[in-house]
Peer 1: 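Shown below is the structure under consideration.
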Number of protein chains: 2
Amino acid sequence: MKRSGRLSVALHLLLHMAERPDDPIVSERLAEWADTNPVVIRRTFAGLREAGIVASTKGHGGGWRLARAPADISLGDIQAALNERLLTHALIEDTPGCLVERAVNAALDEAMREAERLLHERLSRLSLADLAKDVAVLWAADPRAKGEHPHEP
Amino acid sequence: MKRSGRLSVALHLLLHMAERPDDPIVSERLAEWADTNPVVIRRTFAGLREAGIVASTKGHGGGWRLARAPADISLGDIQAALNERLLTHALIEDTPGCLVERAVNAALDEAMREAERLLHERLSRLSLADLAKDVAVLWAADPRAKGEHPHEP
DNA sequence: TTTTCATGTAATTCTATTTGTTACATGATG
DNA sequence: CATCATGTAACAAATAGAATTACATGAAAA
């Protein structure tokens, strides 16, 4: 597989950041957790910073932390901040002269937009705090699984 | 742009094939219309043939034609036959040990599946005949536009 | 103030996916 | 049997995304 995608990676890391709101985490550590490169983290998180979801500080003791409470950060916010394309939007070209192409584009575009709208609404109804609760439920159901966590001390 | 995508290309060509159900169209001509290569057409249409949407014949007078009436071919059928991925399905990995990753995957997967289901239902409610009707409406609204069609004799 | 640590970002390389191309086999028609 | 068309495999090219390198900026500690 490997179908990571920025949204899932960001969610994973943000949830870990939410576990310890007080100490910032450096890009290098986040990169280890996500099995990627620190620069990729900075690039990805740049959008989150602009959206006011995370804040970064330089120098000693610096790193990344959440800028708002987990309950105030929806998955929709995160998705929008990353502007990752979740749907393909398979249109033919900008302004086709062919009437058939125009009709195809119109139909597909409308269907895609509707699906996109649904997806965004659904993601907007979930917050980081909700997901953290899901994690707690999983943990209660299978306490041993916490040990399987590959990146805890 | 150039965001073609197999679905939009296939729809475009199928609609043109629906205009003249009686004479098969060769891959080379379809390729010209879609501004691509004949082999790409054959590859794309192979899925449609397996799904019983189109039929191909070899030799003189051969080519591609619709295998069913346009009213019996839904956009959902076509999309399924092409198995083009319209949504990104951004999951982390197959079976993550980390509970956080599992919770993220569960939430995203459910949202994605719902959007996918909606999209497929919506596409399944539209047939090629419906789109052909849309084309007719466009033509009535702007009769000159038929002349802009780049691939008519 | 100088060193160290961390982010910010541009530029480049790597890699995986998709698309396009070539070549040739198979089958149907005249 | 010559021609036309699909069917496919194999390969090349283009693309997009990710990873890497390099260096600048700023903050804390020494």
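Residue numbers start from 1 in every chain, and the chains themselves are labelled A, B, ... in the order their sequence lines are given, proteins ahead of strands.
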Peer 1: Rounded to the nearest Å, what distance is computed from the CD atom of residue Glu50(B) to the P atom of nucleotide dG7(D)?
Peer 2: 10 Å
Peer 1: Among dA10(D), dT20(D), dT7(C), find the nucleotide with the atom closest to the side chain of Ser27(A).
Peer 2: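 In terms of side-chain proximity for Ser27(A), the closest of dA10(D), dT20(D), dT7(C) is dT7(C).
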Peer 1: Within the distance-only criterion (no hydrogens, no angle test), does the side chain of Arg68(B) pair as donor or acceptor with the backbone N or O of Gly52(B) below 3.5 angstrom?
Peer 2: yes
Peer 1: Assess the residue pair Arg113(B) and Leu87(B) against the criterion (side-chain contact (heavy atoms from CB on, under 4.5 Å)); give the C-alpha distance rounded to whole Å, side-chain angles, the decisive distance to 0.1 Å, and a yes or no.
Peer 2: CA-CA 9 Å; Arg113(B) 281 181 197 281; Leu87(B) 306 153; over 6 Å; no
Peer 1: Around atom CD of Glu28(A), are there more than 12 heavy atoms from other residues, nucleotides or ligands closer than 6.0 Å?
Peer 2: no
Peer 1: Shortest non-hydrogen contact from His12(B) to Val104(A)?
Peer 2: N-CG2, 4.0 Å
Peer 1: Could you please name the option among dA19(D), dA22(D), dT7(C) that lies closest to any side-chain atom of Arg43(A)?
Peer 2: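 The answer is dA19(D), which lies nearest to the side chain.
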Peer 1: Any side-chain N or O of Thr36(B) below 4.0 angstrom from OP1/OP2 of dT19(C)?
Peer 2: no
Peer 1: Within this structure, what is the CD1-OG distance for the pair Ile78(A) and Ser124(A), rounded to the nearest 0.5 Å?
Peer 2: 10.0 Å
Peer 1: Scan nucleotides 26-30 of chain C against the protein and return all N/O pairs shorter than 3.5 Å with their distances rounded to 0.1 Å.
Peer 2:
unit_1	atom_1	unit_2	atom_2	d
dT26(C)	O2	Lys58(B)	NZ	3.2
dG27(C)	O4'	Lys58(B)	NZ	3.2
dG27(C)	N2	Gly59(B)	N	3.1
dT29(C)	O2	His60(B)	ND1	3.0

Peer 1: Between Gly62(B) and Val40(A), just flag the one whose closest nucleotide in DNA chain D comes earlier from the 5' side.
Peer 2: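 Closer to the 5' end of DNA chain D: Gly62(B).
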Peer 1: Has Arg42(A) got a side-chain N or O lying under 4.0 Å from the OP1 or OP2 atom of dT7(C)?
Peer 2: yes
Peer 1: Looking at every strand, decide which applies to Val26(B) at a 4.0 Å heavy-atom threshold: base, sugar-phosphate, or nothing.
Peer 2: sugar-phosphate
Peer 1: Is any side-chain N or O of Arg49(B) closer than 4.0 Å to OP1 or OP2 of dG7(D)?
Peer 2: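 Checking dG7(D) against Arg49(B), a side-chain N or O does come within under 4.0 Å of OP1 or OP2.
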Peer 1: In whole Å, I'd like the distance from the CG atom of Asn37(B) to the P atom of dA23(C).
Peer 2: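 Computing the Asn37(B):CG to dA23(C):P distance gives 13 Å.
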Peer 1: Using whole Å, report how far CD of Glu28(B) lies from P of dT3(D).
Peer 2: 17 Å
